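So the structure is just underneath, and the comments pick up after that.
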Amino acid sequence: MFVLREALRGMWRNRVMAFIAFGVIFFSLFLLGLFLVATFNLFGVIRYAQEKVEITAFLEDDLPREKIEEIKKRIEGMEGVERAIFVSKEEALKEFKRDIPKAKELLQALKTNPLPSSFKIKIGEGYKNPEAMKRIAKKISVIDGVEEVKYGEEWIRRLDKVVKFLFLFDVLLGVVISIASIFVVSNTIRLTVIARKESIEIMKLVGATERMIEAPFLLEGMIEGGAGGLFTAFILYLLWRFLSVRILEFYFPTDAILFGLTLFGIILGYMGSMVSVKKYLKGGEA
Amino acid sequence: MIEFRDVYMVYEKNWYALQGINLRIEKGEFVYVVGPSGAGKSTLLRLIYMDLFPTAGEVVVAGYSSSRIKPKEIPYLRRKIGVIFQDFKLLKDKNVYENVAFALEVIGTPRRKIKEKVLKVLAEVGISHKRHAFPYQLSGGEQQKVAIARALVRDPFILLADEPTGNIDPEGTREILELLKNINTSGTAVIMATHELSLIERFPRRLIRLEQGRIVEDTGVRS
Ligand SMILES: Nc1ncnc2c1ncn2[C@@H]1O[C@H](COP(=O)(O)OP(=O)(O)O)[C@@H](O)[C@H]1O
Ligand SMILES: [Mg+2]
């Protein structure tokens with residue numbers, strides 16, 4: 001009760017400083033929020049690309065049904081293979097026509113269907129990297145009745161590199177933004193602490209414990225941080241609504257942004273206050 | 001109750017703010033600490049409420065030794081010691097009542113109790129009628145009364161006064177001195193640092209004279 005009253009009072013009395021702290025937190029979190037949205041979207045794209053990762057095994061023509069069944073069983077029995085989906089010659093042709101409508105007439109001219117039947121092979125989660133894919137592809141290629149195996153080697157290699165790089169970059173950026181935020185916020189809050197040094201001095205003089213002295217500042221930091229987080233989430237939401245209607249659509253993780261940023265704001269405010277109050281209590285006289 | 005054992009205090013190299021101080025102050029005493037500016041009076045008081053720790057020697061206050069006290073214990077020692085200063089150190093954004101109540105709030109006293117105690121102590125120092133006033137609306141003497149009330153509201157066994165009348169007109173000075181006398185009569189020890197010797201003649205008590213960090217005179221208990 002006393003702590004809450006002191007915190008609110010302190011903020012009101014030093015409202016300019018409190019507002020600056022709020023602004024700084026808002027700005028830090030705004031950057032972080034943009035970063036989060038970008039990350040979410042990036043990983044959405046990567047996941048989508050990875051879904052597409054598959055191996056195609058083209059079969060020899062005119063294989064008997066039992067042989068096809070047998071090949072399917074062998075492929076599905078391999079480590080790292082999730083499912084093998086049979087695509088008949090007819091289905092392949094249909095797909096081809098659908099994908100490349102201009103080729104329709106050309107194909108119609110041909111009497112026979114030139115496309116082979118095949119297996120679309122879905123790969124398990126831990127195996128969507130160039131090495132594992134190569135291994136699986138090799139094992140499939142030696143199966144009797146399999147004519148050729150394709151899996152877009154080059155493309156997968158590149159995707160893999162991009163994912164690794166982006167992931168590293170993303171983590172690094174996240175860490176940098178977080179540390180910078182804590183630093184900036186704690187420095188700003190230190191100014192609010194210094195602005196109240198008289199009050200701290202008197203608290204020490206009359207025998208307040210360190211915890212009691214810190215409490216209003218910590219609460220103040222948490223209020224400023226939480227408010228900054230909520231406000232940031234709100235602004236980002238508006239920005240999203242605006243952009244996705246007018247310019248480009250992208251995924252916006254509303255709940256994650258709202259709770260994540262508010263929580264992070266609170267933590268940021270708390271840590272910022274903690275750092276600066278502790279520093280001040282250790283270094284300050286009286 | 002308070003004991004200095006061969007205390008030396010050095011802030012900066014080669015300069016003793018205090019040297020070879022040996023001193024005992026008993027329960028309920030009234031002691032003047034006098035001496036020119038820079039003699040070490042404030043330093044002596046700060047050692048008592050353990051705002052400073054001696055460079056050498058030991059200060060023992062209410063059973064707490066400067067060489068053994070833990071940082072966590074200092075707040076509890078301070079709750080038993082009242083301190084007032086020349087510049088009052090009141091919070092400008094709080095009124096008289098709130099300034100005094102603050103000293104109880106920060107040590108977690110229940111609200112009902114706070115009201116009771118604050119009103120009582122404000123009456124004792126004779127400033128009840130101004131309890132809604134803010135520091136800037138008060139004279140120096142009145143502000144010092146508020147500071148005294150804040151110090152007393154926790155029932156300290158000792159009141160330390162560092163040049164308490166330095167910023168106060170003669171009329172106010174007399175009132176403050178009278179107040180300190182009454183506080184002492186009711187059992188609280190008072191240690192008052194001052195360089196105004198004229199004050200002492202009106203109310204002679206034990207006197208400790210400091211010069212360049214040394215005790216050059218101690219009259220012993222006198223009443
Ligand atoms: N914080 C400090 N840092 C360095 N020197 C100090 C400090 N406080 C006091 N001194 C020195 O210690 C001596 C005693 O000071 P002080 O106790 O304030 O004297 P008084 O209160 O009698 O005027 C003086 O020489 C002063 O300059
Ligand atoms: Mg002094």
Side-chain angles (χ1 to χ4, degrees), chain A residues 1-21 189 191-224 273-286, chain B residues 11 42-43 45-46 48-53 62 64 70-85 87-95 98-114 134-135 146-147 149-156 159-160 162:
Chain A
M1 207 31 230
F2 164 72
V3 171
L4 179 63
R5 196 154 43 88
E6 267 315 288
L8 293 177
R9 229 182 147 135
M11 278 162 66
W12 175 244
R13 187 172 166 217
N14 298 294
R15 47 196 176 274
V16 175
M17 274 322 300
F19 188 74
I20 291 173
I189 289 180
L191 297 179
T192 74
V193 173
I194 289 169
R196 303 233 297 279
K197 65 168 192 275
E198 282 180 334
S199 159
I200 293 178
E201 197 188 336
I202 290 164
M203 284 196 242
K204 282 171 143 185
L205 193 67
V206 300
T209 55
E210 251 180 51
R211 293 240 322 258
M212 193 53 143
I213 297 173
E214 287 162 7
F217 289 103
L218 297 185
L219 188 62
E220 183 181 329
M222 284 162 74
I223 292 172
E224 281 161 8
S273 302
M274 191 69 152
V275 169
S276 47
V277 175
K278 279 261 188 271
K279 233 188 211 163
Y280 186 81
L281 286 181
K282 291 272 134 48
E285 72 278 35
Chain B
Y11 289 105
S42 299
T43 304
L45 296 187
R46 288 175 71 190
I48 295 174
Y49 64 95
M50 302 213 180
D51 186 30
L52 289 177
F53 292 90
Y64 289 107
K70 298 190 194 86
K72 273 192 165 30
E73 293 172 331
I74 292 174
Y76 298 95
L77 171 66
R78 298 231 175 120
R79 289 174 197 188
K80 299 182 199 163
I81 300 176
V83 192
I84 59 171
F85 301 92
D87 61 355
F88 322 126
K89 298 200 194 293
L90 299 176
L91 292 170
K92 293 175 195 67
D93 62 330
K94 292 189 193 297
N95 66 27
E98 291 164 337
N99 260 286
V100 178
F102 187 69
L104 292 175
E105 284 168 336
V106 299
I107 60 175
T109 311
R111 217 190 160 92
R112 274 242 318 281
K113 198 124 195 185
I114 291 179
F134 285 86
V146 178
R150 184 178 64 195
L152 289 183
V153 76
R154 292 158 307 139
D155 303 315
L159 181 66
L160 307 177
D162 194 351

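Below, read A as the first sequence line, B as the second, and so on, with proteins coming before strands; counting in each chain starts at 1. Note that the structure is a prediction, hence the values are computed from the model and not measured.
Not one N or O on the side chain of Arg46(B) forms a donor-acceptor pair closer than 3.5 Å with the backbone of Thr43(B).
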Please set out all donor-acceptor pairs under 3.5 angstrom arising from side-chain atoms of residues 206-217 of chain A, sequence neighbours excluded.
residue: Thr209(A); atom: OG1; partner: Met212(A); partner atom: N; Å: 3.4
residue: Glu214(A); atom: OE2; partner: Lys278(A); partner atom: NZ; Å: 2.5

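Every residue two or more places apart in sequence or in another chain that forms a side chain to side chain contact (heavy atoms under 4.5 Å, CB included) with Leu160(B) is listed here: Leu45(B), Ile48(B), Tyr49(B), Ile81(B), Val83(B), Ile158(B), Ile191(B).
Note: Pro75(B) leads Pro75(B), Pro156(B), Ala103(B) in heavy-atom pairs under 4.5 Å with chain A.
Neither the backbone nor the side chain of Glu73(B) comes within contact range of chain A; no heavy atom of the residue lies under 4.5 Å from a heavy atom of that chain. For chain A, the nearby parts of Arg79(B) are the backbone and the side chain; heavy atoms of each come within less than 4.5 Å. Proximity to chain A involves both the backbone and the side chain of Lys94(B), based on heavy atoms less than 4.5 angstrom apart.
Atom NZ in Lys204(A) sits 7.5 Å away from atom CZ in Arg78(B) (nearest 0.5 Å).
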